[in-house]
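These notes are about the structure you will find just below.
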Amino acid sequence: PQSRTAWWKHDRFGMFIHWSVGSVTGARFAGETLRNPTPYGEWLRCRNRVPREEYDKMIPYLSITPEKIEHWVTLAKDAGMKYIVFVAKHHDGFAFWPSQASDYNYPNLTNSGFDVLKSLREACDKHNMKLGFYYSHWLDWEHPYGWGNFWDFENDPSKFSDVNWQETLYSGALFRTDVDEKKFGIYWKDKVVPQVVELLEGYNPDMLWFDMWEPHEKTIVSKEQLTNLLDTIRTLSPNCLVNSRLGISQIGEGGVDYETLFDNQFPTYSIQHPWQSPVTIGHSWGYNRDDDAWRPVSFFVENLARNISKGGNLLLNIGPMADGSLQGETAYTLREIGKVIHANAEG
Ligand code: JFZ
């Protein structure tokens, strides 16, 4: 593990990219803004209970080119970042590569045949950037036996008031009565495991970034499922890093490689094991047109410096629009961060 994390401890600063179907409307649906207090645009499908047929109608409006992808990569590099973590499948279940395990994917449903991950891997290799993938293993709102979709299938969304689902989310029990461990196991076996294998075998990722922010005991995911998945990753790609939001808290030998803190959490104390703060440039992760309260460049530079002094990393997120271009002050902020970093250091 020591040598596996060596590059990551050196390359402190990375770019997170959240881009999916919700980016098409910038987190609005049918004339409505995102429901509920938190501004996470990538949660549109859940928040506004967008029915699957309606959500899927937005897919063809996502469109990306190799040029736009390379632009993301050079923007990251110029900002002083050394790696990219791209959302390969978020909670909406939509994959950005030609997955054999699920036809709910970009090349298939945009009729483009375009493999976003392959293009990103090529751009990262060209510019000497490391590449990791975010993969939502717990929540999946597309698969009938994935977790979290209480508004489609046989569910009665009226059982869930806006207040009530918010509570169940943060208590760790996104409540579904129609999915039991056995059904979830089918989703796990048919979609999660084969898709993670496809990512490892097809794109040689430098890390996988999982996203279960509750300990597995509070979720439908079993410890056995998680340890088996980790074993598979270690066997197929011994150098691939794994973060703590896999749902395993043990860091180091026999466990995961580093701790991901809460969203936008910057500790004022030192932590002995490798860790990172995930932070986003605005207040949403995926593009949200109503999130236009930008933070100053100094906010990011200061938190980066503080994190490094405490032995940690910073993963700074952008949420590109449907065609891959960048909203508001995103590009400006990244370039200004880069000017500060490159004015003071080499490489
Ligand atoms: C998760 C995702 O749900 C979100 O869409 C985004 O991808 C972000 C990076 O991760 O959001 C979280 C993460 C942690 C908590 C809540 C939501 N938490 O600690 O309560």
Side-chain angles (χ1 to χ4, degrees), residues 14-27 29 34-50 55 83-96 132-142 146-150 162 165-175 192 207-221 242-249 256 258-267 271 275-288 290-291 295 300 303 307 312-320:
M15 175 184 275
F16 212 175
I17 305 179
H18 275 69
W19 186 67
S20 193
V21 185
S23 311
V24 167
T25 61
F29 181 69
L34 193 67
R35 291 189 204 162
N36 270 312
T38 66
Y40 287 10
E42 70 285 0
W43 276 75
L44 176 74
R45 184 174 188 167
C46 174
R47 292 285 161 75
N48 293 37
R49 300 177 175 83
V50 183
Y55 193 76
Y83 55 98
I84 288 184
V85 180
F86 181 76
V87 172
K89 188 199 90 168
H90 202 262
H91 308 331
D92 64 359
F94 190 68
F96 281 94
F133 298 126
Y134 171 114
Y135 185 86
S136 177
H137 57 320
W138 174 34
L139 269 63
D140 189 305
W141 302 325
E142 179 268 336
W147 194 244
N149 185 334
F150 55 79
D162 282 349
W165 87 254
Q166 193 86 342
E167 277 172 358
T168 55
L169 169 66
Y170 291 111
S171 71
L174 253 183
F175 194 74
V192 176
M207 84 174 77
L208 290 176
W209 206 98
F210 292 98
D211 198 6
M212 186 166 78
W213 55 89
E214 298 290 345
H216 69 84
E217 290 87 350
K218 291 172 78 178
T219 74
I220 195 167
V221 188
V242 177
N243 70 333
S244 59
R245 284 199 199 169
L246 177 66
I248 291 178
S249 54
V256 297
Y258 66 86
E259 181 184 5
T260 297
L261 304 184
F262 290 132
D263 302 2
N264 305 306
Q265 183 191 358
F266 306 105
I271 300 173
W275 60 276
Q276 98 191 138
S277 303
V279 58
T280 187
I281 198 139
H283 301 81
S284 176
W285 301 87
Y287 169 44
N288 176 349
D290 299 301
D291 176 25
R295 293 191 256 229
F300 301 105
N303 281 309
N307 274 20
N313 285 24
L314 189 78
L315 187 62
L316 173 54
N317 176 76
I318 64 169

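In this chain, numbering begins with 1 at the start of the sequence shown. We count ligands from 1, going down the list as the structure has it; atoms in each ligand are counted the same way.
The main-chain N or O of Leu246 is found under 3.5 Å from a side-chain atom of His137 such that the two form a donor-acceptor pair. Between the side chain of Ser284 and the backbone N or O of Asp291, no donor-acceptor pair lies under 3.5 Å.
Under 4.0 angstrom from ligand 1, there are no non-hydrogen atoms of Val87. Contacts between Arg245 and ligand 1, counted as non-hydrogen atom pairs separated by less than 4.0 Å, involve the side chain only.
When each atom of ligand 1 is checked for a heavy atom of Trp43 under 4.0 Å away, the hits are 2 (C), 3 (O), 4 (C), 5 (O). For ligand 1 and His90, the ligand atoms under 4.0 Å from any heavy atom of the residue are 4 (C), 5 (O), 6 (C), 7 (O). Here is the list of ligand 1 atoms found below 4.0 Å of a heavy atom in Tyr134: 7 (O). Numbered from 1 in the order shown, with element, the atoms of ligand 1 that lie under 4.0 Å from a heavy atom of Glu42 read 4 (C), 5 (O), 6 (C). Every atom of ligand 1 with a heavy atom of His18 under 4.0 Å away is listed here by number and element: 6 (C), 7 (O).
Nearest heavy-atom pair, Ile281 versus Leu316, reported as atom, atom and distance to 0.1 Å: N-CD1, 3.9 Å.
Of the candidates Arg245, Gln265, Gln276, Gln276 is the only one forming a side chain to side chain donor-acceptor pair (under 3.5 Å) with Thr260. In summary, of the residues considered (Asp263, Asn264, Thr280), a side chain to side chain donor-acceptor pair (under 3.5 Å) with Asn317 occurs for Thr280 alone.
A heavy-atom separation below 4.0 Å is found between His91 and ligand 1.
With contacts defined as side-chain heavy-atom distances shorter than 4.5 Å, the pair Arg45/Phe29 does not qualify.
Polar contact check, Tyr40 against ligand 1: no nitrogen or oxygen pair lies under 3.5 Å apart. Residue Trp285 has no N or O atom closer than 3.5 Å to an N or O atom of ligand 1.
Aromatic ring centres of Phe16 and Trp209: separated by under 6.0 Å.
To the nearest 0.5 Å, atoms CG (Asn288) and CG (Leu44) are separated by 9.0 Å.
Of all the listed residues (Trp213, Phe262, Trp138), Trp213 holds the heavy atom that lies closest to atom 16 (C) of ligand 1.
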